[in-house]
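Reviewing the structure listed below.
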Amino acid sequence: MRRDELIKYLEILGEELEKMDSQGEIILTGGAAMCLVHSARDMTKDIDALYEPKSEINRLTEKIAREYGLPENWLNDSVKGFVNDNVETEDFLQLGNLKVSTVTPDYLLAMKLMSSRVEGQDYNDIKFLFQKLGIRTAGQAETVIGRFFPMNRVLPKTRYVIEQCLEELCGQGSEFSA
């Protein structure tokens with residue numbers, strides 16, 4: 001989905017909530033945040049988010065999917081395993097009765113580093129966030145991760161991704177401290 005499509009479907013969701021005289025809240029993460037909030041890319045395959053009220057929004061997103069020929073999971077909460085009590089958010093948009101927030105760039109980077117998927121867009125997203133946040137050393141990346149996640153949960157592949165991104169961005173590797 002392109003940026004304009006993402007906004008359109010979220011607006012429809014807000015309008016549907018308004019018709020039901022219900023309030024909804026969504027916190028964007030992943031590719032949707034990269035696309036909508038940071039303009040880091042033009043498209044994403046779905047909207048990874050946390051949202052409430054869950055049952056009402058699930059019902060409405062199924063209806064919107066049928067009406068507009070969208071994948072059933074165009075809005076999903078599969079990211080909940082990467083969101084914890086330390087989540088930092090920022091307000092983004094109000095669309096009808098839908099309040100749209102986003103995780104902060106720091107939290108988004110920590111999430112993407114914890115998953116460390118090198119396929120698809122995630123690797124480029126990490127490099128984009130390194131540049132946006134001025135991350136030039138592995139220690140700086142470690143500090144961001146450590147603000148939100150226990151360092152003993154950092155996998156070796158995360159260290160590899162950090163090193164590769166820094167090498168591409170800065171032309172040098174940096175030792176990731178344990």
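Computed from heavy atoms alone, side chains included, the values below leave out hydrogens, waters and symmetry copies.
In this structure, the side chains of Val37 and Leu108 stay at 4.5 Å or more apart for every pair of heavy atoms. Leu129 has its side chain out of reach of Val144: every pair of non-hydrogen atoms, C-beta onward, lies at least 4.5 Å apart. Proximity of Met151 to Ile145: side-chain heavy atoms (C-beta onward) are separated by under 4.5 Å at one or more points. Looking only at side-chain heavy atoms (C-beta outward), Ser116 and Leu155 stay at 4.5 Å or farther from each other.
Side-chain N or O atoms of Arg3 include one that pairs as donor or acceptor with a backbone N or O of Leu36 at under 3.5 Å. Side chain of Thr158 to main chain of Leu113: a donor-acceptor pair is present (N/O by atom type, distance under 3.5 Å, no hydrogens or angles).
When the side chains of ILVMFWY residues are joined at heavy-atom separations under 4.5 Å, either directly or via intervening members, Phe92 and Val83 end up in two distinct hydrophobic clusters. No single ILVMFWY cluster, assembled from side-chain heavy atoms under 4.5 Å apart, contains both Leu50 and Leu95. Linking ILVMFWY side-chain heavy atoms closer than 4.5 Å, directly or via other members, places Leu28 and Ile12 in a single hydrophobic cluster. Residues Ile126 and Ile162 share a single hydrophobic cluster, defined by chaining ILVMFWY side chains whose heavy atoms lie under 4.5 Å apart. Both Val161 and Leu133 are members of a single hydrophobic cluster when ILVMFWY side chains are connected at heavy-atom separations under 4.5 Å.
In plain terms, the two heavy atoms of Glu25 and Ser101 that are nearest each other are OE2-OG, 4.3 Å. Listed here is the closest heavy atom pair of Lys45 and Met1: O-CE, 4.0 Å. Summarising the geometry of Asn86 relative to Arg147, their closest heavy-atom pair is ND2-O, 4.1 Å, with the distance given to 0.1 Å. Across Lys127 and Cys165, no two heavy atoms sit closer than the pair CG-SG, 3.5 Å. Summarising the geometry of Gly31 relative to Lys112, their closest heavy-atom pair is N-NZ, 4.4 Å, with the distance given to 0.1 Å. Closest of all the heavy-atom pairs between Ile27 and Thr89 is CG2-CG2, 3.7 Å.
Among pairs with a residue in residues 4-39, those fulfilling ring-ring contact (aromatic ring centres under 6.0 Å, His included) read Tyr9-Tyr68, Tyr9-Trp74, at least two apart in sequence or across chains. Under the ring-ring contact (aromatic ring centres under 6.0 Å, His included) criterion, the residue pairs touching residues 106-126 are Tyr107-Phe148, Tyr107-Phe149, with sequence neighbours excluded.
By the 6.0 Å contact criterion, CG on Asp42 is open, its count of non-hydrogen atoms from other residues, nucleotides or ligands being 12 or less.
Residue Ser22 holds its OG atom at 10.5 Å from CD of Glu52, rounded to the nearest 0.5 Å. Between Lys80 atom NZ and Thr29 atom OG1 the span is 12.0 Å, to the nearest 0.5 Å.
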Contacts under 3.5 angstrom, residues 60-67 side chains, donor-acceptor by atom type, not counting sequence neighbours:
| unit_1 | atom_1 | unit_2 | atom_2 | d |
| --- | --- | --- | --- | --- |
| Thr61 | OG1 | Ile57 | O | 3.1 |
| Thr61 | OG1 | Asn58 | O | 3.0 |
| Lys63 | NZ | Glu16 | OE1 | 2.9 |

Practice problem: Test side-chain contact (heavy atoms from CB on, under 4.5 Å) on Leu75 and Leu13 and set out the steps. | Solution: CA-CA 10 Å; Leu75 174 68; Leu13 179 57; 4.0 Å; yes
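Geometrically, Lys54 engages Tyr51 in a cation-pi contact, judged by NZ or CZ lying under 6.0 Å from the ring centre and within 45° of the ring axis.
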